[in-house]
Structure formats: structure tokens, C-alpha cells
Amino acid sequence: MTNIVLQLSAEQQNNVKSSYASFKVERKAPGVVFAAKLPDVAVTVYSSGKVMFQGVGAEREASKFGEVTVNKSITKTTNPTISTKGDRLPENFAAMSVLGSDETGTGDYFGPVTVAAVYVPSNKIKLIEELGVKDSKMLTDTIMIEMAPTIMAICTHSILTLRNDKYNEIQGKGYSQGKIKAMLHNQALKHVLEKCAPEKPDYILIDQFAERDTYYKHIQKQKEIVRENVLFSTKAEQLHVAVAAASILARYSFLTEMEKLSKRAGVNLQKGASGLVDKMAAQIWVKHGEEFLRSISKWHFANTEKARVLVNKKRG
Ligand code: MG
């Protein structure tokens, strides 16, 4: 357990207090003037001006307020072969009961944004691994479509599909993709926690697309915000099978929706946002009109204007 103590001025202490206001907890110990509990670090401010950071995230948090020298031998990572950004995970994390979440479709011009959250309790980890669930980047779409129903039958999960009409509507109101994603993740996690109750995961792991502070700023106006034991990491699908499973379900629902849209458009919709997409968008625009194209695309992408140029050229 990493334990870091800083001696801070009154002003710096206030800075600590306001930084962790939303993580504040009551601690009625002698000399304690403020305490906060983050998923991977506990912060305690003492009347003496000493501030203690305790837990695997101690170094990260303490270094925001003062110079930290830590004995590196006590802060080894869970899996030294993967370099990730985000929270330092507890020892033996991969064997814990974890609720994981991931999204897909955010970089694709056609089709929805989908977010999935999956709870894999420790006693189901082996079963899920035996299905072949792993980093979705190592699996083909066909395999993921086959796997998804089994994952859904075994694990408590939630899948949210934000279709293009709704996406374009809220994007038009000024919601950034980060905000849209954060809202969907929060909602999916909440759904799964509700379904699992009273059982609780040891931790929640979000495949990191934004820093913790940014994530929570995005969803600060939501009625219910999932905060307890939430960890963030990039490449999270390699860190726990729950995130790998979530990634597969998100992909599954994206592909399913893409198939429906392809039928309506009369063409196999191109994934991504490349020049091929521009050409396809232009063809669809000419054939089915602007409103139809809008209803199957993320309209604010640069592809729309590129397609417009192609359409105008065609029309001479
Ligand atoms: Mg992701």
C-alpha cells in the first residue's frame, strides 16, 4: 500500500479540499479536518497541515499538490507488459468481480454510437474466458456476432444504442462526443448495478476515453451518477474480461444496427470515415436525398461536406 504524506500550506489544503469535494466522506478521527475517498486512493487532511494519500493511486493524486518521491519497489503495476494510462489497478485485478464498460461507433460516419456494460463476477471469469472472449481488436466481426448472445445469456449486461436521429439532435444542441459517451456509460453502468443489486462488483472499470475529472464534469447534471469504486484505464479490455465482453456487446449491437441501415440504404454501408465513406454518402444523397442520409449518419462529421462537394459536381 502506497502511503504519501505532504506538508501543505493553508491555501494548498483548501485546494485539496475543493478538488475532492465530490468525494468527501465523514471521518470523525482526532485531528482530521477533511477526508475523501476516491476509488483507488484515500485522502486525509489533518489540522497539523499534513495531508495523507493512501492507496494505489496515491502517487498520482499527491503529485498534483506537491513533490512526491516514492519508493518504486512498492508501486509495481498489475501487468507490466501492457502500458496503459489511467488508474493503477489493485493487485490481482483480473480475478476480481468487475463491471466493465466500453463503446463503439464514435469514429464511424454511418451508424449509431453503442455502449455496453457487462458484469463478470469472479466465479464466471473462467467461463467467459473459455468462450474466447478477449480484446475485440483481435476478433473478427463474425466471431463477435456469434459470441455476443452467449455473453448476454451468462452475464448481467446493458447495451445502449444511440441511433443517428437522436445523436444528431443532441450533437446539434452542442453535446460533444465526450459528453455523449460519458452519459451513455453512466447510464449503462447504472442499469447493470440496478439489475445486480444487492450484489455489488468489487470494481467498475471504464475503458478510458476521458480523464476522470472530465468524465464527471460531462455528467454532473445527471440525476444519478455512478462513482463508487469506478476506475479508468486505457486498453481496459486487456485488463479485465468484463471490459472485453462489454466491447464485444457494443460491437455486436453496432453491427446489428449497421445491417438494418444497410438494408434501408440498399448498399453495404462502409465503416469508418474514409474517402470511401464520402463517395458512398454522395451516392446515397443523390439516390435517397439529404434527409435520408442524415438519418443514417453522424451529420457533423467532415464527410458530409465532402459528400456535398461530390454531389454538386455530379449535378454539375
Ligand atoms: Mg473503448
Side-chain angles (χ1 to χ4, degrees), residues 101-118 131-153 157-172 177 180-181 184-185 188 207 209 237 243-316:
S101 64
D102 196 11
E103 80 285 335
T104 197
T106 53
D108 298 276
Y109 178 66
F110 295 115
V113 170
T114 60
V115 170
V118 178
L131 287 176
V133 171
K134 56 185 165 194
D135 188 350
S136 64
K137 286 168 205 81
M138 294 159 70
L139 301 170
T140 65
D141 287 348
T142 318
I143 288 178
M144 287 192 273
I145 288 171
E146 276 172 25
M147 266 180 188
T150 318
I151 297 172
M152 291 191 273
H157 64 276
S158 167
I159 305 176
L160 301 176
T161 303
L162 181 64
R163 297 200 168 75
N164 295 103
D165 284 334
K166 186 76 190 168
Y167 176 96
N168 289 332
E169 184 195 322
I170 60 176
Q171 194 281 328
Q177 266 211 355
I180 291 171
K181 284 189 265 190
L184 292 171
H185 274 262
D207 189 38
F209 55 89
E237 36 187 315
V243 181
S247 171
I248 290 169
L249 294 196
R251 188 75 189 157
Y252 167 78
S253 105
F254 174 78
L255 293 169
T256 310
E257 179 71 8
M258 278 292 262
E259 214 174 280
K260 280 188 214 157
L261 297 180
S262 294
K263 283 210 181 99
R264 283 176 51 203
V267 58
N268 245 333
L269 291 172
Q270 180 73 36
K271 291 164 202 134
S274 66
L276 289 173
V277 168
D278 302 339
K279 279 187 202 138
M280 189 174 279
Q283 283 163 6
I284 293 169
W285 197 326
V286 170
K287 200 166 163 202
H288 298 287
E290 179 175 331
E291 272 318 297
F292 178 79
L293 176 61
R294 188 195 290 263
S295 76
I296 62 167
S297 70
K298 299 183 184 77
W299 194 246
H300 67 110
F301 274 33
N303 303 88
T304 298
E305 285 318 304
K306 290 180 189 158
R308 192 192 297 277
V309 171
L310 294 174
V311 169
N312 290 339
K313 259 191 213 156
K314 268 188 208 172
R315 286 175 176 161

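Atoms considered below: every heavy atom in the structure, side chains included; atoms not considered: hydrogens, waters and symmetry mates. Worth saying up front: this structure is predicted, and the values here are computed from it rather than measured.
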Novice: List the atom pairs, donor and acceptor, that lie under 3.5 Å between side-chain atoms in residues 158-165 and the rest of the protein, sequence neighbours left out.
Specialist:
{"unit_1": "Ser158", "atom_1": "OG", "unit_2": "His191", "atom_2": "ND1", "d": "3.2"}
{"unit_1": "Thr161", "atom_1": "OG1", "unit_2": "Ser253", "atom_2": "OG", "d": "3.3"}
{"unit_1": "Arg163", "atom_1": "NE", "unit_2": "Glu257", "atom_2": "OE1", "d": "3.1"}
{"unit_1": "Arg163", "atom_1": "NE", "unit_2": "Glu257", "atom_2": "OE2", "d": "3.2"}
{"unit_1": "Asn164", "atom_1": "ND2", "unit_2": "Gly111", "atom_2": "O", "d": "2.8"}
{"unit_1": "Asn164", "atom_1": "ND2", "unit_2": "Ser297", "atom_2": "O", "d": "3.2"}

Novice: Between Thr256 and Tyr252 (side chain of the first, backbone of the second, donor and acceptor by atom type, cut-off under 3.5 Å), is there such a pair?
Specialist: yes
Novice: Looking only at heavy atoms, what is the nearest atom pair of Ser136 and Ile248, with distance?
Specialist: CB-CG1, 4.3 Å
Novice: Is there a side-chain contact between Asp102 and Glu237 (heavy atoms, below 4.5 Å)?
Specialist: yes
Novice: Give the minimum heavy-atom separation between Ile145 and Pro149, together with the two atoms involved.
Specialist: O-CD, 3.2 Å
Novice: Could you work out, with side-chain hydrogen bond (donor to acceptor under 3.5 Å, both in side chains) as the rule, every residue matching Thr106, not counting sequence neighbours?
Specialist: none
Novice: Going by heavy atoms in the side chains, are Glu103 and Phe254 under 4.5 Å from each other?
Specialist: no
Novice: Looking at Ala116 and Ala250, what are the two nearest heavy atoms and their distance?
Specialist: CB-N, 3.6 Å
Novice: Does Met147 reach the side chain of Leu139, with side-chain heavy atoms less than 4.5 Å apart?
Specialist: yes
Novice: Do the ring planes of Tyr167 and His300 sit parallel (below 30°), tilted (30 to 60°) or perpendicular (above 60°)?
Specialist: parallel
Novice: Evaluate the side-chain proximity of Phe110 to Leu261: yes if any heavy-atom separation is below 4.5 Å, no if none is.
Specialist: no
Novice: Which residues pass the ring-ring contact (aromatic ring centres under 6.0 Å, His included) test with His157, not counting sequence neighbours?
Specialist: none
Novice: What pair of heavy atoms forms the shortest contact from Ser101 to Ala246, and how long is it?
Specialist: CA-CB, 3.9 Å
Novice: Kindly compute the distance separating OG1 (Thr104) from CG (Leu255), expressed to the nearest 0.5 Å.
Specialist: 8.0 Å
Novice: Among residues two or more places apart or on two chains, list those pairs meeting salt bridge (Lys or Arg N to Asp or Glu O under 4.0 Å) that have a residue in residues 285-298.
Specialist: Glu290-Arg294, Glu291-Arg294
Novice: Show the atom names and distances, to 0.1 Å, of all donor-acceptor pairs under 3.5 Å that link a side chain in residues 263-278 to residues at least two apart or in another chain.
Specialist:
{"unit_1": "Lys271", "atom_1": "NZ", "unit_2": "Asp141", "atom_2": "OD2", "d": "3.3"}
{"unit_1": "Ser274", "atom_1": "OG", "unit_2": "Leu276", "atom_2": "N", "d": "3.3"}
{"unit_1": "Asp278", "atom_1": "OD1", "unit_2": "Asn303", "atom_2": "ND2", "d": "2.7"}

Novice: In Å and rounded to the nearest 0.5 Å, what is the CD1 to CE distance from Ile151 to Met144?
Specialist: 10.0 Å
Novice: Give a yes or no on whether Glu169 atom CD has more than 12 heavy-atom contacts from other residues, nucleotides or ligands under 6.0 Å away.
Specialist: yes
Novice: Judged by modelled atom types alone, do Thr304 and Tyr109 share a side-chain donor-acceptor pair under 3.5 Å?
Specialist: yes
Novice: Nearest 0.5 Å, what's the CG-OG distance between Asn168 and Ser295?
Specialist: 9.0 Å
Novice: Show every salt bridge (Lys or Arg N to Asp or Glu O under 4.0 Å) that has at least one partner inside residues 299-311, sequence neighbours left out.
Specialist: Glu305-Arg308
